[in-house]
Amino acid sequence: MHQLIGYTMQLWFWKHFIFHSLCMWLILVAHASNGEPLGLKLIHKFSDEARALLQHRSGGKLEPWPSKGSMDFYRMLHNHDRGRHERKLSTNGEVTFSKGMETAQLADQFGWLYYTLVDVGTPNKTFLVALDTGSDLFWVPCQCKQCAPRSAPGYPNLVQFLNVYSPAESVTSKPVSCSNSLCDLSNSCVSGTDQCPYSIQYLSTNTSTSGTLVEDIMYFSSRDPSKAPLLQVSVIFGCGQVQTGTFLEGGAPDGLLGLGLRGISLPSFLARGGLVQDSFSMCFVPEFSGRILFGDKGDLAQQTTPFVPFNNSYPLYAVGLEQIFVGIESIAFQSAMIFDTGTTFSYFLPEIYQAVTKAFDTQVQLQRIPAADISAPFEFCYATSASGELLVPDFSVTFSGGGNFSVLSPYILLADPKNKIVGFCLAILPSTAPIIGQNFMTGYNIVFDRQELKLGWVPSNCSKSVAGGEPLTSQVPSISPIPSSPAKSPSFFIAPSPFQPPTSNPPAPLVSRSPSGSPPAPPSASSHSSPLNFILAAFPVGLLLLHGF
């Protein structure tokens, strides 16, 4: 065994020494003024010849030098490689937005999407934008003809961050011409020098944004934003002049930041500029908060699965679903699933949905709450037992490549006005557009590795610093959920996280929208006087694009 190890180490040494070290005579050909070639000898920095040269130059004084082939010699080579690798990564490590890496899921009229603060322009303006891996373009309200009102019901501390971008007010702003390779609607231009228009139709009912493309500076930080100099990156984004549908109802009122795979997305700009590796992560915790990091390749302990191509391209962060485990039952079914942070809940193909809910329902020994009794789209809701216990089957999925994804939060809790948990619903829905939404991602750090075209995940509490050391704490006002608007009529609402103090003022009800674009049936008149009235404030904004970027 020792001989085998020794032989393997020798092979590794010579491969390393020959390939990486140039332990031979090389001639670099140059030409002197007389036309004669000049010879230059290269030697390995840890070779015997280098040792002799250093010893000669130091007058015989030289630090201990391990013998070639010894374990100490191999350790020295390893330490050299590790230091070189770390120096390379330090030039393109993890970065986040200038206001910090904090993200928050905002309730009420913000639609339960995840938001963060970004700075754009010179002088900079701050925008509260929704984060969406299901679309590509970053856009903000600009030169508004039809935009959402600048209000933040339930979040008075966020009003200061709701702004409108004006190209005339930023000295670094410039229009993007139709001749730019990122202009998708160049065919509609009269001339290549015209400003490029954009138009995006989202899958949510009658939801769209349109305007023109501009280029300006966006600000990032590689460490604590209170101490580090800001990084300035030139990006192309949408000057959103006309919004429709969900955007006018409060979803992403101050803009949407597309994180998709196409060249117009923000991660693409960061990677092309050499600022970070072509990967980013989003982390989600049950307290309705999280973080985002660009350049994050994930943890060694993470599981991975490859992205699934569509027509030989990768337009979406889709992975291959192979099996679903519900308690003691397993369901084998192959399907592509889109990981989309712009969708609150998760959606399965109708045939998968039927098999999953049947397996779930047969294992839950609790009283079923009739769907007619609550104003929610979920079919499978149950009352708690007399003891108040919630005994539910485990839920997990297996993706291509064998990666097992345990779903930590597939349920929505029901509570009475005193915040007592009285029931729950299985928060999945049927759809022809299968999507893994935010509720399945809760409790994980999700890595969107665009460089290696794979998805990674590992359980996480999201306490990771940007550049090593202690976890970063943002110096800007918190954007954690603090809904303060009173409920209009409900006696039941979505229970607050057990990790934060319950609020006595639950958010007002909003109509939810499914990926199919059709809202669930509105509650009947009798449901408002019923002892059960479910409040749901969730709808997807990004999802699949029908045309445009």
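Along the sequence shown, residues carry numbers from 1.
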With ring centroids as reference points, do Phe284 and Tyr444 lie under 6.0 angstrom apart?
-> no

Distance-only polar pair, side chains of Ser400 and Thr305, donor-acceptor under 3.5 Å = no

Should Cys283 and Arg291 be marked as a side-chain contact (heavy atoms from CB on, under 4.5 Å) after you check the CA-CA gap, both sets of side-chain angles, and the distance that decides it?
-> CA-CA 5 Å; Cys283 194; Arg291 62 165 172 78; 3.8 Å; yes

When rounded to the nearest 0.5 angstrom, what is the spacing between CG in Leu162 and OG in Ser151?
-> 7.5 Å

Are any side-chain N or O atoms of Gln323 and backbone N or O atoms of Ala332, one a donor and one an acceptor, separated by less than 3.5 Å?
-> no

Verify the ring-centre separation between Phe339 and Trp457: is it less than 6.0 angstrom?
-> no

Asn206 atom CG, neighbour heavy-atom count above 12 within 6.0 Å | no

With no hydrogens and no angle check, is any side-chain donor or acceptor of Thr207 less than 3.5 Å from a backbone partner on Thr246?
-> yes

Donor-acceptor pair, side chain of Gln302 and main chain of Lys297, under 3.5 angstrom | yes

Rounded to the nearest 0.5 Å, how far apart are OG1 of Thr344 and OH of Tyr114?
-> 9.5 Å

Give, for atom OG of Ser221 and atom CG of Leu231, the distance between the pair rounded to the nearest 0.5 Å.
-> 6.5 Å

For the pair Ser313 (side chain) and Phe310 (backbone), establish whether a donor and an acceptor sit closer than 3.5 Å, ignoring hydrogens and angles.
-> yes

Are Phe325 and Asp394 side-chain neighbours, meaning at least one heavy-atom pair lies under 4.5 Å?
-> no

Determine the sole option in Phe247, Tyr198, Tyr202 for which the ring pair (Phe, Tyr, Trp, His ring centres under 6.0 Å) test with Trp139 is passed.
-> Phe247

Verdict with reasoning, Ser234 to Glu215, per side chain to side chain donor-acceptor pair (under 3.5 Å) = CA-CA 7 Å; Ser234 181; Glu215 183 176 357; 2.6 Å; yes

Phe97 ring center near Phe294 ring center (under 6.0 Å) | yes

For the residue pair Ser460 and Asn445, confirm or rule out a side-chain donor-acceptor distance under 3.5 Å.
-> no

Tell me if the SG of Cys183 lies under 2.5 Å from the SG of Cys196.
-> yes

For Leu158 and Leu106, what are the C-alpha separation, side-chain angles and deciding distance, and is it a side-chain contact (heavy atoms from CB on, under 4.5 Å)?
-> CA-CA 11 Å; Leu158 296 182; Leu106 302 183; 3.7 Å; yes

Kindly indicate whether the side chain of Pro175, heavy atoms from C-beta on, has any atom under 4.5 Å from the side chain of Pro167.
-> no

Can Tyr165 and Asp216 be counted as having a side-chain donor-acceptor contact under 3.5 angstrom?
-> yes

Could you tell me which non-hydrogen atom of Ser208 sits nearest to which non-hydrogen atom of Gln201, and how far apart they are?
-> CB-OE1, 3.7 Å

What's the spacing between Leu261 CG and Thr133 OG1 if we round to 0.5 Å?
-> 9.5 Å

Heavy-atom donor-acceptor pair, Ser335 side chain to Leu321 backbone, under 3.5 Å | no

Compare every heavy atom of Glu351 with every heavy atom of Phe333, then report the nearest pair and how far apart it is.
-> CZ-CG, 3.3 Å

Give a yes or no on whether the backbone of Leu185 and the side-chain of Ser188 come within a donor-acceptor separation of less than 3.5 Å.
-> yes

Search all heavy atoms of Leu426 against all heavy atoms of Phe378 and return the closest pair with its distance.
-> O-CD2, 3.7 Å

Going by distance alone, is a donor N or O of one side chain under 3.5 Å from an acceptor N or O of the other, for Glu102 and Ser289?
-> no

Ile428 CD1 to Ser346 OG distance, which is reported to the nearest 0.5 Å | 8.0 Å

Please determine, by modelled atom types, if Tyr353 and Ser431 share a side-chain donor-acceptor pair under 3.5 angstrom.
-> no

Donor-acceptor contact below 3.5 Å, side chain Thr341 vs main chain Leu131 = yes

Distance-minimising heavy-atom pair for Ser279 and Val447 = OG-CG1, 3.6 Å

Please answer whether the main-chain N or O of Val458 pairs with a side-chain N or O of Asp299 as donor and acceptor at a distance below 3.5 Å.
-> no

Hey, could you give me the OG/CG distance between Ser281 and Asp296, rounded to the nearest 0.5 Å?
-> 3.5 Å

Donor-acceptor list for residues 120-127 side chains, cut-off 3.5 Å, not counting sequence neighbours:
{"from": "Thr122", "atom 1": "OG1", "to": "Thr172", "atom 2": "OG1", "distance (Å)": "2.9"}
{"from": "Thr122", "atom 1": "OG1", "to": "Tyr219", "atom 2": "OH", "distance (Å)": "3.2"}
{"from": "Lys125", "atom 1": "NZ", "to": "Val164", "atom 2": "O", "distance (Å)": "3.0"}
{"from": "Lys125", "atom 1": "NZ", "to": "Glu169", "atom 2": "OE1", "distance (Å)": "3.1"}
{"from": "Thr126", "atom 1": "OG1", "to": "Lys99", "atom 2": "NZ", "distance (Å)": "3.3"}
{"from": "Thr126", "atom 1": "OG1", "to": "Asp119", "atom 2": "OD1", "distance (Å)": "2.6"}

Check: Phe424 ring centroid to Tyr411 ring centroid under 6.0 Å | yes

side-chain contact (heavy atoms from CB on, under 4.5 Å) between Phe399 and Thr304: does it pass, once the steps are laid out?
-> CA-CA 9 Å; Phe399 295 123; Thr304 62; over 6 Å; no

For Val129, which of Leu256, Thr116, Asp254 qualifies under side chain to side chain contact (heavy atoms under 4.5 Å, CB included)?
-> Thr116

Can you tell me if Asp340 uses its side chain to pair, donor with acceptor, with the backbone of Gly134 under 3.5 Å?
-> yes

How about Leu259 and Ser265: do any of their side-chain heavy atoms sit closer than 4.5 Å?
-> no

Are Leu266 and Val235 close enough that some pair of their side-chain heavy atoms sits under 4.5 Å apart?
-> yes

For the side chain of Arg450 and the backbone of Gly260, is there at least one donor-acceptor N/O pair under 3.5 Å apart?
-> yes

Under 4.5 Å between any side-chain heavy atoms of Cys189 and Pro197, yes or no?
-> yes

Tightest non-hydrogen contact, residues Pro430 and Pro350, listed as CB-CA, 4.3 Å

Going by the angle between their ring planes, with limits at 30° and 60°, are Phe237 and Phe138 parallel, tilted or perpendicular?
-> tilted

Min side-chain heavy-atom separation Tyr314-Pro309 under 4.5 Å | yes

Determine, step by step, whether Val397 and Ile436 satisfy the side-chain contact (heavy atoms from CB on, under 4.5 Å) criterion, reporting the C-alpha distance in whole Å, the side-chain angles of both residues, the deciding distance to 0.1 Å, and the verdict.
-> CA-CA 11 Å; Val397 297; Ile436 298 292; 5.5 Å; no

Minimum heavy-atom distance Ala152-Val159, with the two atoms named | CB-CG2, 3.9 Å

What orientation do Phe448 and Phe280 show, parallel under 30°, tilted 30 to 60°, or perpendicular over 60°?
-> parallel

